[in-house]
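Only one structure is covered here, and it is reproduced in the block below.
All heavy atoms count here, side chains included; hydrogens, waters and symmetry mates do not. This structure is a prediction, so every number in the text was calculated from the model and none was measured. Atoms within each ligand, like the ligands themselves, are counted from 1 in listed order.
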Amino acid sequence: MSGRSLAHLSTIAVKEVKGLSGKRGSDLADAGVESVADLLLHVPRRYIDRSTQVALRNVPVGEEVTVIGKVQKVSSRRVKGRMVIVDAEISDGTASLHSVWFNQAFRARQLSEGAEVALSGKVERFRGRLQMKSPVVDVLASTTESLITGRVVPIHPGVGSASPGYLRRAIHNALGRSRPIEDPLPIDLRDRLDLIERDRAIDTVHFPDSMADLAPARRRLVFDEFFRLQVALALNKARNEENEIGVSHDLDGLLVDRFVKGLPYELTGAQRRSIEEIRKDLGAGHPMHRLLHGEVGSGKTVVAVATLLTGVQGGFQGAVMAPTEVLAEQHFLSIGDLIVSAGLAPRPEEGRSTAVSLFDEVRDEGDDDPDRPEIRIGLLTGNSAEVNFRGRGETSREELLAWAAGGEIDLLIGTHALIQEGVHFAKLGVAVVDEQHRFGVHQRVGLKEKGDGLDPDLLIMTATPIPRTLSMTLYGGLDVSTLDEMPPGRAPIKTWTETSDGLDRVYKTIRSEVDRGRQAYVVCPLVEDSAKIEAASAVAEHARLQEVFPDLAVGLLHGQMRPRDKDAAMASFRSGEMDVLVATTVIEVGIDVPNATVMVIEDADRFGLSQLHQLRGRVGRGEFSSQCVLVADSTTDDGAARITAMVNTSDGFELAEEDLRIRGQGTIFGARQSGVTDLRIGDILRDFQELNDARREAFDLVGGDPELHTNLAIKAEVKALLADAVEWLFIS
Ligand code: ADP
Ligand code: MG
């Protein structure tokens, strides 16, 4: 074999590279550029094309340009005691330019006399001289280095003490010792997709001869990056499908049929299709890993219950994990309601406003009459334990855990309390994770591990619409069902904006809706990283609104309240006793009160798009037409863009694409904490075609060779470069 493979280069520490043995190397390693392979994939953030440079003499005054020249002299001075001013004189032989920076003392160190630099900014003429104020600086060559022979100068992203100039030299060294770099892609694939060789691509991306060479080089590296990820996902999926320790569930039991027939409405086509897709997975011997993806209000709960009951009808248990106590409680109540109204559990006693039933009878283990089923549901959160049977609502945690471990509970619903130590299931067959974006990877795995030897089927639900591009990378190994159809009869939600001067109009709207018997939410400003301050602002807003509406029942809900008080507030809002609920974002997900028709979001520009969309989804859930008022004063560009997007569309997928555009993929991946999706080169929006190609090729390749026996080089590379992400990979 000639040449080095990236897999091999990933075993050589970056500190081995000439020039990087000291602090620069450790700074790189700390930032994730740990090996020579990482270094070679640390591509320039931009290029300066010297062949198109304008001579200083001809530079257009008043325009933004990049000029190149040598530093003639640098000086720094301090004025008014504090401010530091750095002046520099640049010349390219045709003319000279004066540039000045304020309070950027480091410029004096960055610029040394004789260094070749590129300055980007607006050129002005001042007292007859050319001048730039605070230009962006790229040092092309300091006096000691002279690696700029080509016409195009790469500017690598600096990392700590490793400046672009240093990196350029180090990468040049590393490349010299690594080339030729082996190409693991089969030639027919490369030909088919018109991809250039890897060796040439890596060399060109760092040191192009001309700007025109860049596009094919970058395209090859983008493809490689997506391809590695997709091969990993495909391998993972193939492995999962061979795993036969999953449960083949009983598809012919009576519960699901009865449940569906007992619903007060017809399923939508999308619900029917999703239930059918899930049913196939549940019947198969390998465990399901499916994402149920559906707009807010599209009716995911029913699909989840059908899934859970498929497990229960074969004698297994089901679990539902929700991200907040309020949501877990609500699932407990609404799943309870659905089950009772389908006749799968006795009706709660008269006078109880919720489905928390008080049964006198204890179900006898021997009397398992399928014609008179009784689904026993438990609720476990950090603070409460409840059941819908055994003559009681509330119970002790110990008792509840004993029932779960003994198989006396069919469905256990809860928060992450479910994955704590001490929680055991007798026979966990199906696990549902709701609003999964709120959970970390470990928590998802944690729930599956409660199967104790069984590998339960996993349904992951999310109402945060995920652009297809993103789901292909984030959830590329999951099967996906989509609820792309809303239940009929939903009135559209009117969204409008108001400044804080216009609050009277907002209050008028609330009042007129309440007069009609409807209810309203008022969501208080988001306070990042401080639930306490957020709660305090909600308390203050609650007091204020009680004065605005002295005759209405105005309630309060925030994360710092005692669970009992939270429950009471939710119960009172649900029952319609409370007119207006002042809340923090604890109500963001899952809350379902169809009588609520007004959602007021204060300081709306401070929320993210998906959060705004989730909040708006709390209204418009019934037959009444609803409104969402976004209150915002002067705001940032991004804030304004989000508000405009909200007013313009109610389509969650469109909003998600817009969100990706506004925020960029980095933040989204960051928030989702999965190393594997930490793309360095590719951009899932811009490089969608490459992403698609990579996915198709990867799944084809693995489909024909699930262990990649005939493509060991690819397998080795995926393992080597995605090693950190392995844990993530094995579950999704
Ligand atoms: P989400 O997908 O946001 O979790 P839910 O499961 O909470 O949505 O359902 C939203 C509302 O729609 C609930 O009040 C539910 O009873 C109702 N619903 C669900 N499916 C249907 C249907 N097929 N027809 C009519 N209403 C439905
Ligand atoms: Mg829901």
Side-chain angles (χ1 to χ4, degrees), residues 256 259-276 278 290-309 320-324 326-342 354-355 411 413 432-439 459-466 480-493 518-519 521 570 573-576 587-597 599 610-626 628 650-653 655-656:
V256 178
F259 167 69
V260 171
K261 289 206 183 90
L263 285 172
Y265 40 72
E266 291 284 306
L267 292 177
T268 64
Q271 284 170 324
R272 222 181 283 283
R273 182 168 31 81
S274 299
I275 290 175
E276 197 45 45
I278 290 167
R290 185 172 283 275
L291 179 71
L292 177 64
H293 183 200
E295 186 67 274
V296 183
S298 57
K300 291 184 291 297
T301 314
V302 169
V303 178
V305 174
T307 306
L308 293 161
L309 291 181
V320 180
M321 183 162 73
T324 64
V326 172
L327 191 54
E329 168 91 6
Q330 167 162 307
H331 274 317
F332 177 63
L333 297 179
S334 59
I335 291 175
D337 267 340
L338 284 168
I339 285 191
V340 166
S341 62
T354 70
L411 299 180
I413 296 166
V432 173
V433 177
D434 195 14
E435 301 299 344
Q436 69 79 35
H437 63 287
R438 296 292 199 92
F439 289 106
L459 183 68
I460 294 168
M461 304 201 291
T462 181
T464 305
I466 304 158
V480 179
S481 293
T482 307
L483 294 181
D484 51 7
E485 180 186 351
M486 287 301 226
R490 295 277 167 83
I493 305 169
R518 305 286 86 77
Q519 292 162 282
Y521 298 100
M570 264 330 288
F573 192 70
R574 235 176 241 127
S575 72
I587 63 155
E588 177 184 332
V589 287
I591 301 300
D592 186 32
V593 179
N595 192 47
T597 56
M599 166 61 68
S610 75
Q611 232 173 352
L612 289 173
H613 181 63
Q614 287 290 324
L615 287 168
R616 176 166 61 186
R618 298 309 111 214
V619 296
R621 300 176 79 83
E623 69 212 81
F624 314 108
S625 63
S626 298
C628 173
S650 56
D651 181 323
F653 286 90
L655 284 171

Does E266 CD have over 12 foreign heavy atoms under 6.0 Å away?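 Incorrect, the count does not exceed 12.
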
Got a second to check how far S274's OG is from L267's CG, nearest 0.5 Å? 10.0 Å

If hydrogens are left out, which of L338, D592, I335 has an atom nearest to atom 14 (O) of ligand 1, that is, the closest non-hydrogen atom? D592

Looking only at non-hydrogen atoms, which of Q271, R272, K300, M461 approaches atom 20 (N) of ligand 1 most closely? Q271

Numbered atoms of ligand 1 (with element) below 4.0 Å of [X], judged on heavy atoms:
{"X": "R621", "result": "3 (O), 5 (P), 7 (O), 8 (O), 10 (C)"}
{"X": "E266", "result": "22 (C), 23 (N), 24 (N)"}
{"X": "G299", "result": "1 (P), 2 (O), 5 (P), 6 (O), 8 (O), 9 (O), 19 (C)"}
{"X": "T301", "result": "4 (O), 5 (P), 6 (O), 7 (O)"}
{"X": "T268", "result": "23 (N)"}
{"X": "S298", "result": "2 (O), 8 (O)"}
{"X": "L267", "result": "23 (N)"}

Are the side chain of R621 and the backbone N or O of D592 linked by a donor-acceptor pair below 3.5 Å?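 Such a contact is absent between R621 side chain and D592 backbone.
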
Is there side-chain contact between [X] and [Y], with at least one heavy-atom pair below 4.5 Å?
{"X": "I275", "Y": "V303", "result": "yes"}
{"X": "V619", "Y": "F624", "result": "no"}
{"X": "R618", "Y": "V593", "result": "no"}
{"X": "L459", "Y": "K300", "result": "no"}

Any N/O of G297 closer than 3.5 Å to an N/O of ligand 1?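 Indeed, backbone or side chain, G297 has an N or O that close.
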
Tell me, please: is G294 in heavy-atom contact with ligand 1, that is, under 4.0 Å? no

Check against side-chain contact (heavy atoms from CB on, under 4.5 Å), L483 and Q271: CA-CA 6 Å; L483 294 181; Q271 284 170 324; 4.0 Å; yes

